[in-house]
Amino acid sequence: MQGTATDVDLSVDDAALAATDGDWVTIVWDDPVNLMTYVTYVFRSYFGFDEAKAERLMMQVHTKGRAIVSAGGREQQELHVSAMHGYGLLATLERVE
Amino acid sequence: MKPWRRDGDALVLELTADEATMLTRLVAQVRQVFVAVRDGEADRADPVVERLFPAAYEDEELADEFRRLTSDDQAALRLDRQRAMARDLAAHATVVDERVRVEVPEESADAWLAGIGDIRIVLHTRVQQGPTSHLDLTADDLAQFQAVVDWLGYAQGSLVEAVVSD
């Protein structure tokens, strides 16, 4: 992502999110063109995350290369992945092992 | 360009006449990409099309199936966003000193943010490909593309700020 990294808490990791109900997860991947502030905006406006959560997940994408942004049923995650693609983000869904 | 700002229920961008012409042209070009995808006439192997419609699954077969099922709607949605941008650009009122004031209703801000993002992705992907003879793109063209990617990044960033600062 393009932008300047700010100091945010990265303590919530993939595992914590993946442990929620459902067996599929939506993963957003880092890319070299989207702005950090835009990615945070997308997480806020599409998923309705508060600013802190959106920023934390954005930073996870930026620093770790990917973040799980949602977990649940397959159809729902497909909708999320499609929406992320619509915003120009790289996103995939995976079954949780 | 002056950064986006709020003006009542609208978001306002001030451009020079040249900038407005360039942006209008870019919107028209990116629209063509989505029209081609919607009409099933796009070259799926084109890196720009691949980047705009990335794999949803690691498994290639599942990814292809997902694309087959979703790309019509996906292209239509993103085409609508470019149309909204074209409409707002066309409705601009010329102000003093050849500056153009573009007024975007709040409900179109999302279309503009994602639409600018799509234009950046298209240009960025061409830059990443490097000079290509079959597209007739020289190193100079690509340097210009990169400058536009950065300029649009500034536009998108200031729009995010204007949108979240209510």
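Excluded from the calculations below are hydrogen atoms, water molecules and symmetry mates; all remaining heavy atoms, backbone and side chain alike, are included. Here is how names work: the chains are called A, B, and so on, in the same order as the sequence lines, proteins then strands, and each is numbered from 1.
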Mind checking which of residues 11-35 of chain B sit less than 4.5 Å from chain A, heavy atom to heavy atom? none
Chain B-proximal positions within residues 78-88 of chain A [heavy-atom distance under 4.5 Å]: A:E78, A:V81, A:S82, A:H85, A:G86, A:Y87, A:G88
Is the count of non-hydrogen atoms from other residues, nucleotides or ligands lying under 6.0 Å from B:D136 atom CG greater than 12? no
Determine whether the side chains of A:Y46 and B:D110 contain a donor N or O and an acceptor N or O closer than 3.5 Å. no
Which heavy-atom pair separates A:N34 from B:R120 by the least distance, and what is that distance? CA-NH1, 4.3 Å
With sequence neighbours excluded, what pairs up with B:D73 under the salt bridge (charged side-chain N to carboxylate O under 4.0 Å, His left out) test? none
Are there more than 12 heavy atoms of other residues, nucleotides or ligands under 6.0 Å from atom CG of A:D50? yes
Contacting moiety of A:T37, where chain B heavy atoms sit under 4.5 Å: both
Can you list the residues of residues 54-69 of chain B that sit under 4.5 Å from chain A, counting heavy atoms only? B:P54, B:A55, B:A56, B:Y57, B:L62, B:F66
With a 4.5 Å heavy-atom cut-off, do B:V164 and A:E51 have their side chains touching? no
Looking only at B:L113, B:L159, B:L77, most heavy-atom pairs under 4.5 Å shared with chain A are made by B:L113
